[in-house]
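The structure appears below as structure tokens.
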There are 4 protein chains.
Amino acid sequence: MADLFHSSKPIYEQIAELIKKQIIRGELHAGDKLPSVREMAIEVNVNPNTVQRTYRELESMEIARSKRGQGTFVTEDTEVLAAIREEMKAEILQNFTQQMYEMGYSKEEIKRGLADFLKERED
Amino acid sequence: MADLFHSSKPIYEQIAELIKKQIIRGELHAGDKLPSVREMAIEVNVNPNTVQRTYRELESMEIARSKRGQGTFVTEDTEVLAAIREEMKAEILQNFTQQMYEMGYSKEEIKRGLADFLKERED
Amino acid sequence: MADLFHSSKPIYEQIAELIKKQIIRGELHAGDKLPSVREMAIEVNVNPNTVQRTYRELESMEIARSKRGQGTFVTEDTEVLAAIREEMKAEILQNFTQQMYEMGYSKEEIKRGLADFLKERED
Amino acid sequence: MADLFHSSKPIYEQIAELIKKQIIRGELHAGDKLPSVREMAIEVNVNPNTVQRTYRELESMEIARSKRGQGTFVTEDTEVLAAIREEMKAEILQNFTQQMYEMGYSKEEIKRGLADFLKERED
DNA sequence: GTGGTCTAGACCACG
DNA sequence: GTGGTCTAGACCACC
């Protein structure tokens, strides 16, 4: 299997983002069991310790909960889950607009730039 | 002076982006002299080695050129400078749209999300 | 039923402590029958294996004894039972004072700290 | 060197508590540099990764801050540092009194028990 | 030299 | 079989 990950960010973070996006897209729901550390490690072709670290990270964000001997589960707290979507969206937008501002674009130019970009990519 | 930089990216890259954005915004022009390594180090409050690394990076991208005993200068090659703007813009847009797609948004939702975001921030 | 247990200590130990405290408080007496493994498992909402482990632990401390086909019983040996109280108390006190010493408190400060704490909690 | 650690708690947590207690006792101050990961690893006779984990943990509690290429430092935020002392004390007291209550002791008995215990240990 | 990530592999506690 | 800890050792990025 080819490498799924960029070298610019830690792999464990990229796996965490993968999972967060699955939750956001509704592919994972509150209370769902995540793949076991070992399964996930095979699936994404990394060392189990790396996945372990991802799960620990998700746990500290209260997105997941590990139960000894049972597995790791998406939190039951739907408020947290709802918040993730908005946080992530806001962060991406904030990041994007700030970079465009720093390049000297105005709001209108940013909107136009995006529209043009999306049009080019139409297929 | 407080820390200007995120810990997620190497500082030398963040400085390079700072300089590239100054060029793009027209605050730095072809042939302009960059601050000396030491000056820049003091200005942004980092180790001179870090600035050295930034300048090396800019040279390898052909954005800057160092002249022995004189300093480091923005390239005279205006084509390169013109290209930077478009490359950077395309990269930012590509990055942004991909992330939004991965969250499950459609083109229309992305545009609307951006418009809403920019409206909220109005002041 | 909600989780009764901390994740910091093994659940089987926490259950053992529960039972020891029931004995100490006089809610369980020498020779009393403990709930069956299954009953207890349901009562505290854990896996029967975990309760099994607790009972094994209590047996090895000679606090309980299992009789084949009949169940698990609090030991008849009242000396053992009497000893538990003092052991447990000494351990808790030892543990507490050591931690306070390590924080740099003197004996007097420990006593005062306790008195203040108990006063605050008055209701 | 003999082992400094109990097996009941993770070593990385025990190291964290060691450091927190040094701060509380005033042996470490705001802004002080902690030993490097490798130094500390030798000092307490564990693997550098274990110390790394401790420092990461302290960082997530905002007690320490790691700076790339420079080392790990006690936070400058004296409010956080002041809070640690009180939190830790409250946690120890809470823990202690709850255990004594569960054994069936009254407030007065707890205070007397402590006083007796401290007296026995006088030397 | 400093912290940070990752792998490989072992061992343990829990269910 | 599940997660959790720890070691050993390598490699990288940064200063």
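Naming convention: chains lettered A, B, ... in sequence-line order (proteins, then strands); numbering from 1 in each chain. This one's a predicted model, so the numbers in the text were calculated from it and none came from an experiment.
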> Nearest to the side chain of Q52(A), which nucleotide is it out of dG4(E), dC6(E), dG3(F)?
Replying inline: dG3(F)
> Do any N or O atoms from the side chain of Q70(C) and from the backbone of K67(C) form a donor-acceptor pair under 3.5 angstrom?
Replying inline: no
> Between atom CD in E57(A) and atom P in dC6(E), what is the gap in whole Å?
Replying inline: 11 Å
>> What is the separation between atom CZ on F5(D) and atom P on dT5(F), rounded to the nearest whole Å?
In response: 15 Å
> Does NZ or CZ of R53(C) lie under 6.0 Å from the centre of the six-membered ring of Y12(C), at an angle within 45° of the ring axis?
Replying inline: yes
> DNA chain E: P48(A) or R53(C), which has the more 5' nearest nucleotide?
Replying inline: P48(A)
>> Please report the distance, rounded to the nearest Å, between CD1 in I42(B) and C1' in dC15(F).
In response: 16 Å
>> Whole angstroms only, please: what is the CG-C1' distance between N47(A) and dG3(F)?
In response: 14 Å
>> If I take atom CG in residue N49(A) and atom P in nucleotide dC12(E), what distance separates them, rounded to the nearest angstrom?
In response: 17 Å
>> Around atom CD of E62(A), are there more than 12 heavy atoms from other residues, nucleotides or ligands closer than 6.0 Å?
In response: no
> What integer distance in Å separates Q14(D):CD from dC6(F):C1'?
Replying inline: 13 Å
> If you take atom types as modelled and just measure distance, does the side chain of R68(A) reach the base of dG4(F) with a donor-acceptor pair under 3.5 Å?
Replying inline: no
>> So, taking the atom named CD1 in I23(A) and the one named OG1 in T75(A), what distance separates them when rounded to the nearest 0.5 Å?
In response: 9.0 Å
> How long is the line joining OH of Y12(B) and P of dA13(F), in whole Å?
Replying inline: 7 Å
> Expressed in angstrom and rounded to an integer, what is the separation of R56(B) atom CZ from dC15(F) atom P?
Replying inline: 12 Å
> Does the base of dG3(E) carry an N or O that pairs as donor and acceptor with the side chain of R38(D) under 3.5 Å?
Replying inline: yes
